[in-house]
Amino acid sequence: MLQDTGKEPRIGVYVCHCGLNIAGVVDVEAVRESARFLEGVVVVRDNRYTCSEVGQKGIADDIREFKLNRVVVASCSPRLHEKTFRTLLEKSGLNPHLLEMANIREHCSWVHYDNHEAATGKAKDLVRSSVARARLLQPLARTKGRVLPEVMVIGGGVAGISAALYLGGMGIKTYLVEKEPSIGGHMAMLDKTFPTLDCSLCILSPKMVEVAECENIKILSYSEVEKVEGQVGDFRVQVRRKPRYVNEEKCVGCGDCAEKCPVKVKDEFNRNMGTRKAIYIPFPQAIPPAYVIDEHNCRYLTQGKCKICQAVCERGAIEYDQTSYVETIEVGAIIVATGFQPYDPRGLPQYGYGRFPNVITSLDFERLICADGPTYGKLKRPGDSTVPKRVAFIQCVGSRNEASGGAEYKIDIDEEMGSSAGSRDPKAYCSRVCCMITAKQAFMVKEKYPDAEVYVYYIDMRTAGKGFEEFYQRGRHEGIVFLRGKPGEIEEQEDGCLRVVSEDLDSGCILDLVFDMVVLAQGLTPPEGLVEFAQKMNLSRSEDGFLMEGHPKLRPAETAIDGIYLAGCVQFPKDIPDSVAQAGAAAAAAAVMCSKESIEIDPLGPVIDDKLCIGCKLCEMLCPYGAIKVELTDKGPKAKSIEVACKGCGVCGASCSTKAITMKHYTDSQLTAQAKAILEVV
Amino acid sequence: MESVRRKDVPVVTVLDPKFKYEVAREPGGENIKYCFQCGTCTSGCKVAELDSKYNPRKIIRMVILGMRERVLSGDFIWLCATCYTCHERCPQDVRIPEVMNALKNIAVREGYIHPAFRAQAELIAGHGRLYEVDGFANEKRTDWGLTEIPQGCPEVAEIYGITGLHDLLSGGAGGKV
C-alpha cells in the first residue's frame, strides 16, 4: 500500500458527462476547471463516460503517472459505480477507501434539469466538498467475515415455497418460516388460477409436499421472526415458535379430535363465512399435516376444563403444556417473502362491504366458489343462500385511488367480520392482478351458471401477460359484459339486491341496474406489520409501502442490504408466475452469496477511544442493532463494539457526548471539512 | 327496454342480456361479442363522417348491453353503406357490415322496416326495377331500335311471395320505422 498515507494528498478529479445525462444540463468543462486549483488536486479531467473502459484506463494511467493517492469521481450515485471505481483503485495499488464520489447526476443534473446555471454551480460545490473530504480519507483494512451456507426464507406462500425448493434442490440447508399453522399462503385460498383455470391447490399442494419431503428444508410453521442481527453471511435470526398444543411428529391428521371438539368458531381460512372447531387444520392439504389448537377459543386452555381432544387422540399428540419459545437460527442469507394483505373495502364505505351481506370481495368469492369452501362450491349469496342470477364485479377497489377514501363516513360496521381483511387506506398504484382475477371469476360464474348475467365495471382492462388478453377475449365471447365506467356507490334494496348506477362511457348512457350480488376486486396492500418488520431488518420501503428492491430494473430480487433478498408480493403486487420467477431470482442470488467461503466486510463502524469513554451507555441505548455494549474493564465501564452486529449507521458516533467514538470512513474531521467546503463562498 | 331521460342523457334501467346471443346466432353476427370498443370502425367510417347518427361502435355497444328495442327500431342500422372499410380494419374481426345485415334481418322480422327500403321494395314489386319505365322512354327505345321494357313484372311478385317478403311488407307490424 504505497502512496496511501503520511504523504501530501495528490488528488485526481474526474468529471463525467454521462453522455448528456449530466452534460446536457451541467457545464462539465466549467466544473472541471473549478477543481483545477483546489488544494491537493494534481490532475483534472472530464470524460464522456468515466465508467467505460477508456475512462477507467485514464484514471489508472493518471494514478501511475501523477502518483495520485486520492481519487474523486464526479458522476452518478455511488450505489451504481462505487464498486467499479473502488476495484479500479485496488487494481492500481491504492486502498479502495481512498475514493470519493460526488453525485452530480441524481443529486444535480436530473433534479435541476430546468436551471442549467444553478445546476453547474451546485456541481462545482459538490466537487469542491468531495475534494475537501478526499484530502482527509484514510486507507482502511477490510475484514473477512464467515459465510454460513444456510438460508432462511420468511413467508411460506407460493414465493417462499418456490424459493425454498430452488435452494433445497441446490443442496442448501433452508429454513422456511411461516406464521400460520400451514404453508400455502394466499394461493392455497384460491379456487382456480388465471388464465389456464388450473385448480390452485392441485398445482400448489405437490410443491408443498415436496417442501415437506425435501431433506434440506426445515419448515418452521406457526412461527414469526422477532429479531435479526448480524450481516451478510452471518445473520442470527430469533424465531418465535408459537405453541400448537399438538405434537407435530405424533399427529397424523386423522381428525378425530376436531370431530369431537365442542367449540365452533368462525373459520378465517374461509373468510369467516363458515365455521371450524377450536382444534383444527386450516385446509385438508395443509403442510405440516398436523392439527393446531386455537388457544383463544379452546375450552380447556381458556376455562381449564374439557380435554376431550386429548381423550380421543389415539396417538397421544395433544400437549396442553406446550409454551411459546424463541429459537435462534444462524443463516448466511435471508429471503423475505411475506406476501401481501388484501385491501379491506370497508375503507370505501360507499360500496357497503361489511354492511350489505351480498357485497363480497374477490377473496370471499374464491372461498364461495371453491369445492372446499363454506358452500361446497355452490355460489350462494351470503345474505340468503340463494344462487345469484345477476352478478356484478367492480374493479379497482382500493387501487388507483389517490384519495384517502370515505374517511368522512364513519359507519358502524361489524368489526369482527374479516379481521384479516387488511388495510383500509386506498392505494395510488394499480394492483396488477385484479383485472385478471375478475376476468377469471366472471368466467367461473358463466361456467357454472351459463344463464347468469355477469357484468364487470372497469376503468381500464389491464391484461398484459401470456395468455391474458386471449382469456379476456374468451370472457367477452362467453357473454360477460364489460362496462367502462366505475360506479359511485351501491345501494341495498329491501330484498337484499343491490342497485348500481354507472355511466357507460362506451354508449354514453347512464346504467341504473340491479344485481343479486356484487364482487369487489380488492387491491393488494403491504402485509400487516411490514413497517415494524422492515425496521427490524433495516430494509427500506418504497412510497407504495412495499419493500424496496436493490434496483428497480437490475436488482429486482435484491435489497439495499447485502444478503437479504425479496420474492413475491412483499416487493409489489404480482401474479403467481411472476412470484415464482422472482423467487428463483432471489434463490439464485442467495445461493451465490452462500457458496462463498468468506466475504470481505466493509470496515465501517465505530472506533472507541477508551481514554475518552466514560461508560455513560448512551450509545448502547441508542444503537438500533444492539451492536455496542458497555462492559466493565479494569479501567472502569467502557463501550465495546460488536462488529458482526454493527451496520455502520453512525448513531453511536453522533451521540457520544465525550467524542470518544469515531466512525471509520466518516470521521468528524472528514464530514466537517466536507460541510465547510460546500458552504464556502467562491 | 325501459328508458327515461335525465338531463339529455339516456338512463337505462332494464337491459335484455339475451340480445347479444340472439345477434351472435344470426348469420353475420357471430363475432359481435369480441368487440372491445376500440373505435377503429367509426374512425374510418364514411357514413359517420357525414352523419354522426351512424356510429358503428355505439351500435355494437348497444347490442352488447342489450338495448334491443332501441337498436332494432332505430334507423341508424340502415345507414351502413357496406363499404367494408371497418371490416378490413377491425382488430377483433367483428365484421361490422355483416353485423348490420344481421341486425337488419332481425329488425325486418320484428316488423321494423325503414321507410326508404319499404318504398324501394314496393317500387320493385310494381315495376320489377327501382324506377318506373314510362311510355316516353319506350318510344325513345323504339326509335333507337331497342326492344320495349315491360311496365310490370309479375315474376318479382312471385319471388316476393316465395321469400316471404310480401308478408313482411304487408304484415301488421310493418313500417314501424
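Labels below follow one simple rule: chain letters A, B, ... track the order of the sequence lines, proteins then strands, and each chain is numbered from 1.
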For this session: Give, for atom CZ of A:R476 and atom CD1 of B:I32, the distance between the pair rounded to the nearest 0.5 Å.
Result: 12.5 Å
For this session: Answer yes or no: does atom NZ of B:K46 have more than 12 heavy-atom neighbours from other residues, nucleotides or ligands under 6.0 Å?
Result: no
Exercise. Quick one: of B:R61, B:K20, B:M62, B:K58, who has the most non-hydrogen atom pairs under 4.5 Å with chain A?
Worked result: B:R61
Problem set entry | Region of A:D504 in contact with chain B, defined by heavy-atom distances below 4.5 Å | side chain
Exercise. What are the two closest non-hydrogen atoms of B:Y21 and A:G479, and how far apart are they?
Worked result: OH-CA, 3.4 Å
Exercise. Under a 4.5 Å heavy-atom cut-off, does chain B meet the side chain of A:E478, its backbone, both or neither?
Worked result: backbone
Problem set entry | Taking every non-hydrogen atom, the tightest pair across A:G508 and B:P10 | O-CD, 4.2 Å
Seminar exercise, completed: Per-residue tally against chain B (heavy atom, under 4.5 Å) across A:D451, A:I480, A:L505, A:L511 peaks at A:L511
Problem set entry | Note, A:R474 side chain near B:Y34 side chain (heavy atom, < 4.5 Å) | no
Exercise. Just wondering, more than 12 heavy atoms not from A:E447 lying within 6.0 Å of its CD?
Worked result: yes
Problem set entry | The single option from A:L483, A:L513, A:D506 passing side chain to side chain contact (heavy atoms under 4.5 Å, CB included) against B:L65 | A:L483
Problem set entry | Closest non-hydrogen atom pair between A:C509 and B:R70, with its separation | SG-NH1, 4.3 Å
For this session: Report the distance from atom CZ of B:F36 to atom OH of A:Y472, rounding to the nearest 0.5 Å.
Result: 7.5 Å
Exercise. How about B:E88: does its CD atom have over 12 heavy atoms from other parts shown lying under 6.0 Å from it?
Worked result: no
Seminar exercise, completed: In this structure, CG of B:L15 is separated from CD of A:E453 (nearest 0.5 Å) by 8.0 Å
Exercise. Tell me, do B:Q37 and A:S507 make a side-chain contact under 4.5 Å, heavy atoms counted?
Worked result: no
